[in-house]
Amino acid sequence: MEVVAVAAALGLLLLASAGSSAGDEAQEAAAVRELLARLLGPGPAAAFSVSVKRALAAESGLDTYRLSGGGPEAQVRILGSTGVAAAAGLHRYLRDFCGCHVAWSGSQLRLPQPLPAVPEELTEATPNRYRYYQNVCTQSYSFVWWDWARWEQEIDWMALNGINLALAWSGQEAIWQRVYLALGLTQTEIDEFFTGPAFLAWGRMGNLHSWSGPLPRSWHLKQLYLQHRILDRMRSFGMIPVLPAFAGHVPKALTRVFPQISVTQMGSWGHFNCSYSCSFLLAPGDRLFPIVGSLFLRELTKEFGTDHIYGADTFNEMQPPSSEPSYLAAATAAVYQAMIAVDPDAVWLLQGWLFQHQPQFWGPAQVGAVLGAVPRGRLLVLDLFAESQPVYVHTASFQGQPFIWCMLHNFGGNHGLFGALESVNQGPTAARLFPNSTMAGTGMAPEGIGQNEVVYALMAELGWRKDPVTDLGAWVTSFAARRYGVSQGDAEAAWRLLLRSVYNCSGKGCTGHNRSPLVRRPSLQMATSVWYNQSDVFEAWRLLLKATPTLASSPAFRYDLVDITRQAVQELVSLYYEEARTAYLNKELVSLMRAGGILAYELLPALDKVLASDSHFLLGSWLEQARGVAVSEAEALFYEQNSRYQLTLWGPEGNILDYANKQLAGLVADYYTPRWQLFMEMLVESLVRGVPFQQHQFDQNVFQLEQTFVLGTRKYPSQPQGDTVDLAKKLFLKYYPRWVAGAL
């Protein structure tokens, strides 16, 4: 029971650090009222009364809300123990009493009139201290080009979903620049060290340096401004922003200024050579370590203030230079000591990905060395991939250190219908009931957002539930009705099919990384197996199209229709690829030309047109966001190229090729389609000439196409074109009968 007491003590410690004055309560209530006005408009917002009282929480640190009132003559009264709790209560009322839906792809907020009454006063308390959000990678895969307007929407979404702990890492390079200059580096050396904007996440974790940089000076100024606004808004709701801390990585140029320092050059990462990886790690015993760490944190907190929780990742996907527990303990302690030298109340938020990613290195002694090097309750571990590969079960609940059960779900911001909803549903309760559990919260830690919203809706709801959802089929049926604003049988049946198929992945093979042949460089060795029955996807596609007379006016429905059509085409690409590969191996030229021709010259262009009909699936919008950050045309071109690289080659030589693949109009037409056309042409040529297909030669040739796209400047539409329903129906009528007949 000792470890349970430790977790509770941590909650009390951090609750105290967050503050609880009457002024804070009034500020947080005002922030929720302003959110209401943004969400519903000033008129409808006047029908709600919002207040914040810390005393509402029966147990310190456990956010609580209370709903009451409503009906023809009364305001809906929302009381929360924090601003976040009040916002979550508002969301609960809108969802369960009004049938509304809040989502990244667009919210459905048709309020019934009069507002429904809460029949009995409803009080709900979260079972854990924290509801965490983000992954270090999310900052690059999704947030990198955001302006304040987009950040404001996201922070509102966070508050409504009860998030009270989140990374706030913008602007840190501007602080590091001040520190490096103070340490004696030149501006040129600093510019050569930072990565470009689209790759900052991996620079921050020590995986990369220099690649796709440098950062323009205007970038630093804009990010500082943005960080101040982000922090002000997060704090206004009572959220706890997690700031960065020094993890030990330093620029090589520091050895010029201090030639006697002890550094270790790490190994390469992500197929990059040492021009861009092999970072330098300052020895934990070097006298400069606490100086660098405290200089950074002092400058950071002077600029931004602090809420006393800091993130740092020393060995993210990098094997430490020694497996000796004494070294690992010293490296960990050095990071923590540099934190508390500036902030005695510091708590370290550690991504637990390292333990899961390299289990052969991180044995019990190595894990114990890290976890034991920080006082209990001062290390908060993110069990980052707990829905698939939980670490707490192998480490005796992180050996007494508090942890947050996180759903990672998505890698690279990929599109593709995917989820492990049953595992997500059961996981938090199982972790809470684990013997001597030190679970302190739940979290959502996707590498990229803006996809599979049903998964995040469930996970956010579970942050407030003590038990799993008893009937996921009924839950997803209600989800569909709220999402579209009306109950429609065909649409709800489609969602139940998706629940039992694409959203029913189980086991360690569930990674949320789209490896469909559609978005991979073609070869004759591509895997096409999936964990679900593809017929469920095609039937869900049919049912959603059947629902169009009733639901076509719903933006969320039209988004989902694009998404299910995109998924169906993804399945068809795999099937036609298999046909083409079989035909090639059997030396059947006509069959190869037929299957390959349909895939590369009919199916992919048709997909591009469907994607072009919705604003969420446009390469033009993606690139326009990047260009919008710039203050000159030269900067705009630089940011656009950063964005193109991330979506495709991910490095100068395709180092992490297609990891961040997306299915966007324009990207399908000018990147994926030409690759497939070249592949099919070279297969045909191979058969005609009677010579083996040379994958190496294809890879060389296709790299030229890929690089041409990355370095290109073609402008793509940033407004949708065409009618989603008409385009989806045309595709369906052409390919669905072939699928049913088994005669693709």
Side-chain angles (χ1 to χ4, degrees), residues 136 139-140 144 169-228 243-266 269 272-283 286 288-304 311-314 316 335 338 342 629-632 634-635 638-639 641-642 645 651-652:
V136 173
Q139 304 274 324
S140 289
V144 56
W169 278 28
S170 299
Q172 63 177 283
E173 285 70 30
I175 306 301
W176 274 118
Q177 181 171 254
R178 296 176 196 171
V179 171
Y180 292 148
L181 288 170
L183 288 169
L185 273 67
T186 67
Q187 187 63 53
T188 299
E189 289 171 329
I190 296 168
D191 289 343
E192 289 174 350
F193 177 66
F194 289 137
T195 69
F199 302 94
L200 282 174
W202 301 276
R204 292 164 178 174
M205 293 185 288
N207 304 119
L208 290 178
H209 58 82
S210 310
W211 164 239
S212 211
L215 294 173
R217 298 197 178 172
S218 63
W219 174 268
H220 294 305
L221 293 172
K222 286 193 168 195
Q223 291 299 302
L224 282 173
Y225 164 79
L226 198 56
Q227 175 76 339
H228 276 289
L243 297 177
F246 177 53
H249 313 109
V250 294
K252 181 182 179 181
L254 201 64
T255 62
R256 176 190 62 78
V257 183
F258 302 99
Q260 302 304 314
I261 60 171
S262 176
V263 295
T264 299
Q265 188 168 18
M266 305 290 281
W269 176 86
F272 282 85
N273 62 32
C274 290
S275 298
Y276 300 117
S277 65
C278 311
S279 64
F280 285 80
L281 187 65
L282 193 56
D286 195 280
L288 199 59
F289 198 110
I291 294 172
V292 176
S294 58
L295 271 175
F296 174 70
L297 203 59
R298 189 170 290 113
E299 189 67 27
L300 184 83
T301 54
K302 184 174 76 173
E303 179 75 33
F304 298 128
D313 297 286
T314 305
N316 176 69
V335 173
V342 176
V629 180
V631 298
S632 68
E635 271 189 24
F638 169 65
Y639 292 151
Q641 191 176 105
N642 251 248
Y645 260 117

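Side-chain atoms are counted along with the backbone in the values below, which use heavy atoms only and exclude waters and symmetry mates.
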Quick one, [X] and [Y] - any side-chain contact, counting heavy atoms below 4.5 Å?
{"X": "L185", "Y": "F193", "result": "no"}
{"X": "F258", "Y": "V292", "result": "no"}
{"X": "D191", "Y": "Q187", "result": "yes"}
{"X": "L281", "Y": "V263", "result": "no"}
{"X": "Q223", "Y": "I175", "result": "no"}
{"X": "L288", "Y": "L254", "result": "yes"}
{"X": "F280", "Y": "P251", "result": "no"}
{"X": "L200", "Y": "V144", "result": "no"}

Does [Y] offer a backbone N or O that forms a donor-acceptor pair with the side chain of [X] under 3.5 Å?
{"X": "N316", "Y": "G206", "result": "no"}
{"X": "R256", "Y": "G184", "result": "yes"}
{"X": "Q265", "Y": "C278", "result": "yes"}
{"X": "S279", "Y": "H249", "result": "no"}
{"X": "K222", "Y": "V629", "result": "yes"}
{"X": "E635", "Y": "V631", "result": "yes"}

Give the minimum heavy-atom separation between [X] and [Y], together with the two atoms involved.
{"X": "D286", "Y": "I261", "answer": "OD2-CA, 3.4 Å"}
{"X": "A312", "Y": "A245", "answer": "CB-O, 3.9 Å"}
{"X": "A338", "Y": "P290", "answer": "CB-CA, 4.5 Å"}
{"X": "N273", "Y": "S275", "answer": "OD1-N, 2.8 Å"}
{"X": "L282", "Y": "F246", "answer": "CD2-CZ, 4.3 Å"}
{"X": "P197", "Y": "W219", "answer": "CB-CH2, 3.6 Å"}

Rounded at 0.5 Å granularity, tell me how far [atom1] in [X] sits from [atom2] in [Y].
{"X": "E173", "Y": "R204", "atom1": "CD", "atom2": "CZ", "value": "4.0 Å"}
{"X": "H220", "Y": "R178", "atom1": "NE2", "atom2": "CZ", "value": "10.5 Å"}
{"X": "L295", "Y": "Y180", "atom1": "CG", "atom2": "OH", "value": "11.5 Å"}

(message) Is there a side chain to side chain contact (heavy atoms under 4.5 Å, CB included) between W269 and L208? Walk through the geometry before answering.
(response) CA-CA 8 Å; W269 176 86; L208 290 178; 3.8 Å; yes
(message) Taking ring pair (Phe, Tyr, Trp, His ring centres under 6.0 Å) as the definition, give me every residue that meets it alongside F638, ordered by chain and number, with sequence neighbours left out.
(response)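 None.
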(request) Give a yes or no on whether the ring-centroid distance for Y645 and F199 is below 6.0 angstrom. (result) no
(message) Ring centres under 6.0 Å, that's the criterion: do H228 and F304 meet it?
(response)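 Centroid distance H228-F304: below 6.0 Å, so yes.
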Would you tabulate the side-chain donor-acceptor contacts of residues 209-216 under 3.5 Å, counting partners in other chains and residues two or more places apart, or write 'none'?
| residue | atom | partner | partner atom | Å |
| --- | --- | --- | --- | --- |
| H209 | NE2 | S277 | O | 2.8 |
| S210 | OG | E192 | O | 2.6 |
| S212 | OG | N642 | ND2 | 3.0 |

(message) Students often mix this up, so state it plainly: with edges at 30° and 60°, are the rings of Y276 and F272 parallel, tilted or perpendicular?
(response)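 Taking F272 first and then Y276, their aromatic rings stand perpendicular (interplane angle over 60°).
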(message) I'd like to know if K252 and E189 make a salt bridge, using a cut-off of under 4.0 Å between side-chain N and carboxylate O.
(response)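 A salt bridge is absent here (no side-chain N lies under 4.0 Å from a carboxylate O).
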